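Report on the following structure.
So you know, we letter chains A, B, ... as the sequences are listed, proteins then strands, and number each from 1. Keep in mind that what you see is a predicted model, and the values were worked out from it rather than measured.
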Amino acid sequence: MTSRSIGEFELAVLLCVNSLGDDAYGASVRRAVSQRLNRDCSVGAVYTTLQRLEDKGLVKSWTSDPTPVRGGRSRRCFAMTGAGNQAIRGAQTTVRRLWSDHGLRWSGSQ
Amino acid sequence: MIPRVFDVVLAGLSVDSETREVIIGDLVEEQAEFAATLGQSFANRWLISQVLRSLPLLTHQRLRAGGPPVMMKAVGAGLVALLTMLVVSSASAAVFFAAFSEEALVRFAIFAFAIDLGYGVIGGYLAARLARVAPLVSSLSCGILAVVFTVVASGGAVPEWYALALQILLIPAAMTGGWLRARRLVTQR
């Protein structure tokens, strides 16, 4: 197992960071992951995962200016790196290979 | 109030001020959205649930990131604080025994108990101050060590209720000291 290998929740967070684009920050990522996994994820789970992904070099982060809607607090914004993109493709290839061995037809929409 | 309490707890786990700010900002933002759409009561319940579910994960992450040095510092500081408090409490006990009769001391045992609890709070604060990392973990270690000491060393020297109550309340007292230190860290930011 390499340091770039990612688990299911990490993959969900990484995909959401990618799909949110410029609007990827803690709360929006939490909402998107909760929606995709169909369960209310905690902010702690999302932040610890984002931190782990950043440590692995799969996402990068920066802090925005404070906003009034957050009581004058900043946002931490996230973006996927090239290594993150490779990790997603690697995970997709692995899942495809697993399903092909299982003798079932792979469907990208599932 | 809940975000403020969460802020102090996170500071007590040595979560840096920038990370605390963004996490609490996210919670405040989403709570306001829920309050506008689903009502304030739902929003408050959601916030409490988020805080309770997030704490174990963030605690685990902080302790894992710090590794053995954080735990060693916390336990070491707890031990030094406990030893300091033992010296101070022994000295004050000697003064009481010299100044009052044994009958008077038994009558005012509750007063002595309050003083011991006060030492517990000061010990927790001292442990948090000495460790410089994870104040709440340091004060917890001080509280646990104090309870262990009470169980091992108090046999017969004090009334049974006194020893039992100390064993129950020393950890909360030490954690109160750690809480005071963490709150100070938040206000110093």
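Looking at B/E30 and A/R31, a side-chain N of the basic residue comes within less than 4.0 Å of a carboxylate O on the acidic one, giving a salt bridge.
Counting heavy-atom neighbours within 6.0 Å of B/D16 CG, excluding the residue itself, gives a total above 12. Atom CZ of A/R52 is surrounded by more than 12 heavy atoms from other residues, nucleotides or ligands within 6.0 Å.
Only the side chain of B/E33 comes within less than 4.5 Å of a heavy atom of chain A; its backbone N, CA, C and O stay farther away. Of the two parts of A/T48, the backbone and the side chain both hold a non-hydrogen atom closer than 4.5 Å to a non-hydrogen atom of chain B. Contacts of A/D40 with chain B are made by both backbone and side-chain atoms, with heavy-atom separations under 4.5 Å.
In this structure, B/L169 is a member of the same hydrophobic cluster as B/L166, with clusters built from ILVMFWY side-chain heavy atoms closer than 4.5 Å. Both B/L10 and B/L140 sit in one connected hydrophobic cluster of ILVMFWY residues. Membership requires side-chain heavy atoms under 4.5 Å apart, directly or through other members. In this structure, B/F113 is a member of the same hydrophobic cluster as B/I168, with clusters built from ILVMFWY side-chain heavy atoms closer than 4.5 Å. B/M71 and B/M175 fall within the same hydrophobic cluster, where Ile, Leu, Val, Met, Phe, Trp and Tyr residues are linked whenever their side-chain heavy atoms come under 4.5 Å apart, directly or through other members. B/V88 and B/F111 fall within the same hydrophobic cluster, defined by Ile, Leu, Val, Met, Phe, Trp and Tyr side-chain heavy atoms under 4.5 Å apart, directly or through other members.
Rounding to the nearest 0.5 Å gives a distance of 8.5 Å between CZ of B/R62 and CD of A/Q51. Rounded to the nearest 0.5 Å, atoms CZ (A/R30) and CD1 (B/I23) are 13.0 Å apart.
Exactly one residue among B/L57, B/D26, B/V15 makes a side chain to side chain contact (heavy atoms under 4.5 Å, CB included) with A/Y47. That residue is B/D26.
Heavy-atom pairs under 4.5 Å with chain A peak, among B/V28, B/L55, B/V51, B/L52, at B/V28. Counting heavy-atom pairs under 4.5 Å between each of B/P56, B/G25, B/A32, B/S49 and chain A puts B/G25 at the top.
With contacts defined as side-chain heavy-atom distances shorter than 4.5 Å, the pair B/T19/A/R76 qualifies.
Smallest separation of non-hydrogen atoms from A/G44 and B/S54: N-OG, 2.9 Å.
Remark: the backbone N or O of A/R75 is not paired with any side-chain donor or acceptor of B/E21 at under 3.5 angstrom.
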